[in-house]
Protein chains: 2
Amino acid sequence: MLWNSIYETALLKRFPYLSLRPASGGEMATIHDVAQDAGVSPTTVSRYLNNRIELPPATAARIDAAIKKLDYRPNLLAKRLSTGKTEAVGLVTPEIREPFFAELASAFEDEADHHGYTVFMSSTRSDRKREIASLERLQDGHVDGLLMMTNTPDDGTLAGLIGERRNVVIVDEDIPGVSVPRLFVENSEGAYQATRHLIEAGHRRIAYLGGPQGLLTVTERREGFLMAMNEAGIAVRSEYVAMGSFAPELARAATVRFLELPLPPTAIFASSDYLAIGAVMGLRDANVSVPDEVSLIGFDDIAFSTLLTPPLSAVRQPVEQLGRQGFLTLLALLNGETPPLLTRLPVELIRRQSVAAPTSKDFRA
Amino acid sequence: MLWNSIYETALLKRFPYLSLRPASGGEMATIHDVAQDAGVSPTTVSRYLNNRIELPPATAARIDAAIKKLDYRPNLLAKRLSTGKTEAVGLVTPEIREPFFAELASAFEDEADHHGYTVFMSSTRSDRKREIASLERLQDGHVDGLLMMTNTPDDGTLAGLIGERRNVVIVDEDIPGVSVPRLFVENSEGAYQATRHLIEAGHRRIAYLGGPQGLLTVTERREGFLMAMNEAGIAVRSEYVAMGSFAPELARAATVRFLELPLPPTAIFASSDYLAIGAVMGLRDANVSVPDEVSLIGFDDIAFSTLLTPPLSAVRQPVEQLGRQGFLTLLALLNGETPPLLTRLPVELIRRQSVAAPTSKDFRA
DNA sequence: CCCGTCCGGTAAACCGGTTTACATGACAAT
DNA sequence: ATTGTCATGTAAACCGGTTTACCGGACGGG
């Protein structure tokens with residue numbers, strides 16, 4: 001069949017040769033060329049361009065004219081070698097495919113762009129080697145600074161590499177043992193609120209889906225969960241708790257196991273939306289409806305939460321702010337300022353339709 | 001309340017000072033230092049490190065020892081200025097938050113990493129200025145090459161900037177008038193299959209949600225849609241067609257309008273999953289159930305498709321392959337090879353539960 | 001024994017900027 | 001008339017590599 005042919009042939013002939021660059025393919029003009037054309041020295045041009053000298057209007061005009069005429073653009077590589085600055089920052093995420101990190105990255109890049117920085121994004125796929133590689137790029141002068149996110153517990157390697165650097169900011173998840181600015185959310189508070197929300201709806205058999213051991217967010221969210229349970233005088237049953245990974249597949253399996261219990265939970269708190277997605281799949285596997293049979297609440301509030309059926313209630317992380325403030329903190333660091341070493345951003349409970357009162361028949365415990 | 005305090009104080013004292021770098025904070029060793037220590041010239045060290053000379057084992061050993069002793073790491077900036085190569089490539093997406101681009105980016109980065117390249121990711125938010133900025137970064141030697149994606153029609157500006165460069169690859173959506181390798185999917189074929197799928201299920205009143213005018217993907221997918229409709233002898237009603245944007249909100253509004261029609265459609269083909277999400281919202285607004293009252297099919301097959309209720313049928317784009325092959329094509333270009341100027345990747349119809357036969361009461365037209 | 005060739009290496013230019021230290025001329029003050 | 005100062009600029013070193021052109025000595029062949 002002749003798919004596409006009409007459109008393509010039509011367009012292919014529209015712009016036979018187009019280039020805005022005067023000497024496309026030719027040599028780029030250097031600062032020496034500009035200097036020569038303007039009848040001054042390269043030093044003068046350099047200082048003029050960097051606002052380190054005030055020139056008489058006539059000279060300035062000649063330089064401007066030469067720049068325009070030759071279409072001069074400073075060679076960034078040379079500039080960097082001279083100054084040691086790159087005007088670029090790195091953004092290290094475990095997995096850019098996950099909406100939480102993608103949204104954070106998007107906000108971070110936008111903010112960086114406003115400040116004239118370009119960003120090196122990197123998705124490590126939780127590979128320690130790649131995390132290390134990002135740090136080495138920093139060391140090698142690839143970038144001026146780094147915003148680092150990881151979600152696998154550190155054995156001291158990352159901490160060693162980061163040490164006391166004055167150009168790294170850590171966001172979302174801790175890397176213990178470093179003395180760089182850290183930007184977290186109120187994990188315990190959020191988990192506490194989510195759990196309270198379930199308890200106030202009348203639930204007492206509440207299951208918990210947690211992430212890998214050894215992570216700050218995991219520990220803190222569990223603390224918040226436990227605090228709410230304690231406060232309400234509800235004992236936490238070990239068979240209602242599944243921890244160890246952020247993988248949706250494991251959450252799915254754990255959820256199925258929960259539901260096979262003689263006395264299954266009436267509510268599930270997933271300590272990340274990615275885990276909540278696993279729970280949704282598990283609940284669907286077991287043909288259990290939300291929130292009629294089991295209530296579900298997540299943590300993150302990624303954009304897709306509203307599209308689930310029913311729309312997912314969740315603790316909302318200020319992901320946009322995490323990204324923007326992350327960059328601003330890094331920028332402060334690069335400018336020699338000393339931003340606070342620890343910032344906690346507030347979270348917010350978003351009530352949608354995935355939490356309801358338990359049905360009375362299930363209310364035996 | 002004392003959120004977090006336990007965890008934090010415990011960790012903060014664990015690694016008082018840790019650094020793997022011998023002279024952390026001190027000066028970096030240069031190639032001259034290594035040369036001096038090994039008793040050879042910098043030239044020899046450079047050539048040895050770049051495999052441009054074969055040295056007697058004793059000399060090589062001395063150099064290796066010096067490198068280890070001084071913890072020498074080549075200064076990339078200097079290397080780049082000398083060689084003119086950066087070993088970095090750029091990836092330009094309209095919006096990294098959208099799952100389609102995020103997944104593509106993830107695959108691209110993974111492939112680049114395997115080949116020793118680092119990647120500059122950039123999310124332009126469909127801002128022409130930022131798209132241009134990416135191209136300028138290429139021109140300025142920031143990166144060796146660029147994989148470019150845009151989803152706003154070009155007025156010739158981008159085409160002008162790209163021209164006949166030998167280090168740009170265009171993916172997913174065309175930029176007319178350039179002669180660089182382009183990597184697309186079989187848009188017409190996919191749309192044709194999706195539409196056939198609806199027709200074969202018995203639908204005749206089929207609505208179409210398209211994107212902005214002037215884009216290759218939009219045009220081609222509409223062609224496929226029209227071809228299937230024509231082939232089946234179904235006239236396309238203009239009130240069933242909404243085009244002009246990829247924004248879910250507009251798709252939502254258009255869907256609501258469809259449903260308010262005296263004779264509403266029994267099926268909707270959304271030419272991207274982002275539009276399908278808008279349709280899902282619109283259908284929910286109107287309290288219309290899928291697929292009982294209206295069938296829905298999308299295009300892209302992003303990961304979340306399966307989580308919708310019901311799971312969304314869609315034309316799957318090989319997004320992973322788009323990313324990997326995109327990098328490979330770029331790499332070929334950088335190595336002076338000549339990859340094909342146009343590659344079409346196949347798409348696949350994924351049947352889930354969002355398409356069913358129309359109910360008979362609606363079968364009046 | 002002498003010449004050519006290969007081995008093992010070096011000196012110096014170069015990439016394209018920035019920056020320090022200094023030079024020249026005009027003009028004001030003494 | 002001399003000195004000091006400001007305005008306007010410049011020469012040259014430097015950033016840290018790569019690369020070109022060349023060199024001395026050993027060794028092999030005629």
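Proteins come first, then strands; the chains are lettered A, B, ... in the order of their sequence lines, and each starts at number 1.
- Contacts of A:Tyr72 with the nucleic acid, taken as non-hydrogen atoms under 4.0 Å apart, involve only primed sugar atoms and P, OP1 or OP2.
- A:Phe327 and A:Tyr117 have perpendicular rings, their planes meeting at more than 60° on a 0 to 90° scale where under 30° would count as parallel.
- Using a 4.0 Å heavy-atom distance criterion, B:Leu55 is classed as a sugar-phosphate-only contact.
- A sub-4.0 Å separation between OP1 or OP2 of D:dC15 and a side-chain N or O of B:Thr30 is absent.
- Neither OP1 nor OP2 of C:dC15 sits under 4.0 Å from any side-chain N or O of A:Asn75.
- Each of B:Leu138, B:Val143, B:Leu333, B:Val180 was checked for a side chain to side chain contact (heavy atoms under 4.5 Å, CB included) with B:Asn167, and the lone residue meeting it is B:Leu138.
- B:Thr83 comes within 4.0 angstrom of the backbone, heavy atoms only, and of no base.
- Put simply, CG on B:Leu77 is 14 Å from P on D:dC15, counting in whole angstrom units.
- B:Arg47 contributes no side-chain N or O that forms a donor-acceptor pair with the base of D:dT20 under 3.5 Å.
- Regarding contacts with the backbone of C:dT18, a side-chain N or O of A:Ser46 is found under 4.0 angstrom from either OP1 or OP2.
- Atom OH of B:Tyr48 is separated from atom P of C:dG9 by 12 Å (rounded to the nearest Å).
- The base of D:dG17 sits with one of its N or O atoms less than 3.5 Å from a complementary donor or acceptor on the side chain of B:Ser82.
- The residue A:Arg80 sits apart from the nucleic acid: no heavy atom pair falls under 4.0 Å.
- A donor N or O paired with an acceptor N or O is not found under 3.5 Å between the base of C:dT18 and the side-chain atoms of A:Thr43.
- Within 4.0 Å of A:Pro42, counting heavy atoms only, lies no atom of the nucleic acid at all.
- Here the nucleotide nearest the side chain of A:Leu81, chosen from C:dG16, C:dG9, C:dG17, is C:dG16.
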